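A quick write-up on the structure given underneath.
Note that these values count all heavy atoms, side chains included, but never hydrogens, waters or copies made by symmetry. All values reported here derive from a predicted model rather than from experimental measurement.
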Amino acid sequence: MSCNKIQPASITAELAAGSTASPYQYTVNISQRLCYPVCAAQVPVFMPQFSVVGSPVLLNTGLYGVTIQVQGTIDYIPCNGGCACTKSLPINQEFNIQIASATAPTAVTIAAGSTVNSIATAACQTCSRAFVSETPLAVTVTTA
C-alpha cells in the first residue's frame, strides 16, 4: 500500500432496532486502513466531529435523505520498528442516512455520543493497519 494514496474510510450508519421516531438512534462505524501498522494495545486517538450538510432531500413518500460530514484526525504510534513519533491520518468525508417523516423536515440536528476506537487484529497478531471506530448518533428531526 502506498502511503501517498490513502483510500477513503468505509463509513456505515445503522439505524438502531426500534428507532422509528425522532430522535433516531444510529451507530456510525468508520473503518480505515492505516498507512503503518499499530500495536493493538496502543489504540489510536480519534475524536470525530459530525455535522449535517445541506437540507434533507425527498427520496420517496415519507422518506428523506440526509448528508452528514465527519471530520477528524486519527493519531497513532506505528509498531514493528516504526519511528517513535505519532503519525496522523485526517478523515473528512460525507455519508448519507435515511429518515422517515410524514412531513418535510425543516431542520435536522445531530448529537454524537462517546466514540470507541480499536485496532482489528487477526488471531495471534499484535499489530494491524485495520482501524475501527464506532460512534452513536442521535438524529433529531424538526418539522413545520
Please enumerate all residues that pass side-chain hydrogen bond (donor to acceptor under 3.5 Å, both in side chains) together with Ser55, with sequence neighbours excluded. none
With Val66, which of Ile97, Val57, Val139, Val141 fulfils side chain to side chain contact (heavy atoms under 4.5 Å, CB included)? Ile97
Taking the cut-offs as 6.0 angstrom to the six-membered ring centre and 45 degrees off its axis, would you call Lys87 and Tyr36 a cation-pi pair? yes
Please, which pairs that meet side chain to side chain donor-acceptor pair (under 3.5 Å) have at least one residue in residues 18-29, sequence neighbours excluded? Asn29-Ser31
What distance do Gln42 atom CD and Thr86 atom OG1 have between them, rounded to the nearest 0.5 Å? 9.0 Å
Leu59: what forms a side-chain contact (heavy atoms from CB on, under 4.5 Å) with it, not counting sequence neighbours? Leu63, Gln98
Side-chain donor-acceptor pairs of residues 102-116 under 3.5 Å, sequence neighbours excluded:
from, atom 1, to, atom 2, distance (Å)
Thr106, OG1, Thr142, O, 3.0
Thr115, OG1, Thr135, OG1, 2.8

How would you list, by chain and number, every residue that makes a ring-ring contact (aromatic ring centres under 6.0 Å, His included) with Phe131, sequence neighbours excluded? Phe46
Check whether Gln93 reaches the backbone of Ala9 with its side chain - one donor and one acceptor, N or O, closer than 3.5 Å. yes
Quick one: ring-ring contact (aromatic ring centres under 6.0 Å, His included) pairs with a partner in residues 91-124, sequence neighbours left out? none
side-chain contact (heavy atoms from CB on, under 4.5 Å) partners of Val53, counting only residues at least two apart: Thr67, Gln69, Glu94
For residues 10-17, which side-chain donor-acceptor pairs fall under 3.5 Å, sequence neighbours excluded?
none

